[in-house]
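If you read the sequence from its start, that first residue is 1, and numbering goes on from there.
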Amino acid sequence: MNKKKIVAFVEPSFYGVGFVRAAFDLGHKIISIVSSENNPKEYGYEGLYDDIIIADVRDEESIFNAIKNSKYYGKLDALIPAADYVSAITAKVEERLGLTGLSYEAEVKSRNKDLAREAYKEHGVPSAKFKKVKNYVEAIKAVEEIGYPVIIKPTNCESSQNVFFIKNNIELQSAVKCMENFKESYMGFKVRKEFLIEEYLEGQEFSIEVFLHNGKKAFSSVTEKIVSKLPYFVEIEHVVPTSVYLDKQKDIIDVAISAVKALGIMNGPCHVEIKLSKTGPRLIEVNGRPGGDNISSDLLINALGIDLFKATINYYLGEVISLIPSQHKAAAVAYLIAPKDGVLSKVNGLDDLKNNKNVIRYNMDFKSGDAVRMAQNSDERLGYIIVKGDIPKEAKKTALDLINSLEIVYK
């Protein structure tokens, strides 16, 4: 890096806080373009940015004009979306400012699951059967063609919001009603009226972190994923690298890369989700960014010495990118979920984590008196523990043993 660069992030939140921390470590000047001045405090990056610009992050013109009316107009070296919902809008602003980024078309496809499914089908990427519908009558017709069980999901949401596993018409009718009433998601972004009916894919689920350079693989890593029991799809553990189906890794990575390219993404990072079915790897979805859920921010760094956030910032800046693993260890994260609905009193066993040499860090996001329920989406998890190990099976077992050692006490 030749000099300190000015890097702006749009609405840093959730996984996007990893971008801010990486830019801070790299010594750049950080501008946070946000919908509220409380954003840094709410998402935990206070003290890690240099300036803040307020804009309606749901609106291209608002973001562009906020930059144009600031002292940074014409001086930004990079503009990076730091939340999934703002990725397409940010791409449009990047284009107007002449800055590097994913194309608007690619971002729109990755953010809208129906468009992505159509792209996978067009390019021969093994995926799930699907139909886009907008009411119960259309949903019934779709199920008649696809066959139960099916998955119902919004076309443009995340964190398993309103994702349903459906086995019969009664469940279908109830889920459709929920979809029709689901109008708004995070940060005030509107939920599209159309939703998807998809074939339910059975098999082990994986996340794949991919980084492309001019259409060629610069880096890939397969993360083993454990999810909650049906009918929900809450992620409860990630292990890097995977400890299972090692002989299928190349096939899994090949499908992931073909899916990324099908969306028109030829450069930068992607977080891909795949199930290993009886017929081979089948695509769930692609996100045009580093993986969240502590995968990129912690697991890859502690297992392989790879920092995808720093690599992505360097890509946006046109800097040299190094994605060669510096070590070959393992890391895992396990999430705490409530076994039943109720009012939380406390969680026993947290003090034992402080002196455990295998624990990298842990975080619990609750307080006494909170109403909790069995998690139906990722937002309802109570906390997590991140551990390290010499091999994947060791890290996997350590994380699960520690999370299972915690006792949730109800009032």
Side-chain angles (χ1 to χ4, degrees), residues 7-26 28 30 32 43-45 48 78-88 90-91 94 100-103 106-107 110-111 158-159 206-213 217-225 235 238-242 253 256-257 259-261 263 265-274 284-317 319-326 331-333 360 378 384 386:
V7 182
F9 297 103
V10 179
E11 199 74 344
S13 50
F14 307 112
Y15 80 87
V17 174
F19 273 131
V20 177
R21 291 173 178 155
F24 181 84
D25 289 343
L26 289 169
H28 295 306
I30 300 168
S32 186
Y43 294 105
Y45 64 94
L48 299 181
L79 178 67
I80 302 175
D84 282 328
Y85 288 93
V86 302
S87 58
T90 303
E94 288 166 349
T100 296
L102 295 184
S103 72
E107 290 283 22
S110 67
R111 283 297 307 140
E158 59 185 44
S159 299
F206 297 93
S207 295
I208 302 87
E209 306 311 315
V210 173
F211 202 105
L212 297 185
H213 180 64
K217 183 183 73 173
F219 171 78
S220 65
S221 175
V222 179
T223 301
E224 178 183 346
K225 182 185 296 187
E235 297 170 354
H238 302 298
V239 186
V240 174
T242 177
I253 292 169
I257 291 175
V260 170
K261 291 183 177 180
L263 299 183
I265 300 174
M266 296 295 167
N267 286 284
C270 281
H271 174 72
V272 186
E273 297 181 357
I274 280 176
I284 299 175
E285 65 180 39
V286 173
N287 295 282
R289 46 129 173 119
D293 238 12
N294 302 292
I295 294 173
S296 297
S297 62
D298 291 88
L299 302 191
L300 286 174
I301 292 172
N302 285 282
L304 305 176
I306 294 291
D307 192 325
L308 282 185
F309 286 111
K310 288 182 180 179
T312 303
I313 292 169
N314 286 336
Y315 159 68
Y316 275 87
L317 291 171
E319 303 278 359
V320 175
I321 299 169
S322 177
L323 288 166
I324 300 173
S326 61
V333 57
I360 298 168
S378 297
Y384 58 81
I386 302 173

> Would you say the side-chain atoms of Glu209 and His271 include a donor-acceptor pair closer than 3.5 Å?
Replying inline: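 The answer is yes; a qualifying pair exists.
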Between [atom1] on residue [X] and [atom2] on residue [Y], distance to nearest 0.5 Å:
X      : Y      : atom1 : atom2 : value
Ser296 : Lys310 : OG    : NZ    : 13.5 Å
Leu299 : Thr223 : CG    : OG1   : 7.0 Å
Asp84  : Phe14  : CG    : CZ    : 10.0 Å
Lys217 : Leu323 : NZ    : CG    : 11.5 Å
Tyr45  : Ser13  : OH    : OG    : 8.0 Å
Thr100 : Asn267 : OG1   : CG    : 9.0 Å

Is the shortest heavy-atom distance from the side chain of [X] to the side chain of [Y] under 4.5 Å?
X      : Y      : answer
Ser221 : Val240 : yes
Glu273 : Glu235 : yes
Thr312 : Arg289 : no
Ile321 : Phe211 : yes
Glu11  : Tyr85  : no
Arg111 : Ser87  : yes
Ser297 : Phe309 : yes
Ile208 : Ile274 : yes

Can you name the closest pair of heavy atoms from [X] and [Y] and give their distance?
X      : Y      : value
Phe219 : Ile306 : CE1-CG1, 3.8 Å
Gly288 : Ile265 : CA-CD1, 4.3 Å
Pro290 : Phe19  : CD-CZ, 3.7 Å
Val17  : Tyr43  : CG2-O, 3.4 Å
Met266 : Leu212 : O-CB, 3.4 Å
Tyr316 : Leu102 : OH-N, 4.3 Å

> Just by distance, do the side chain of Ser220 and the backbone of Val210 share a donor-acceptor pair under 3.5 Å?
Replying inline: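 No, the answer is negative, given that no donor and acceptor are paired below the 3.5 Å cut-off.
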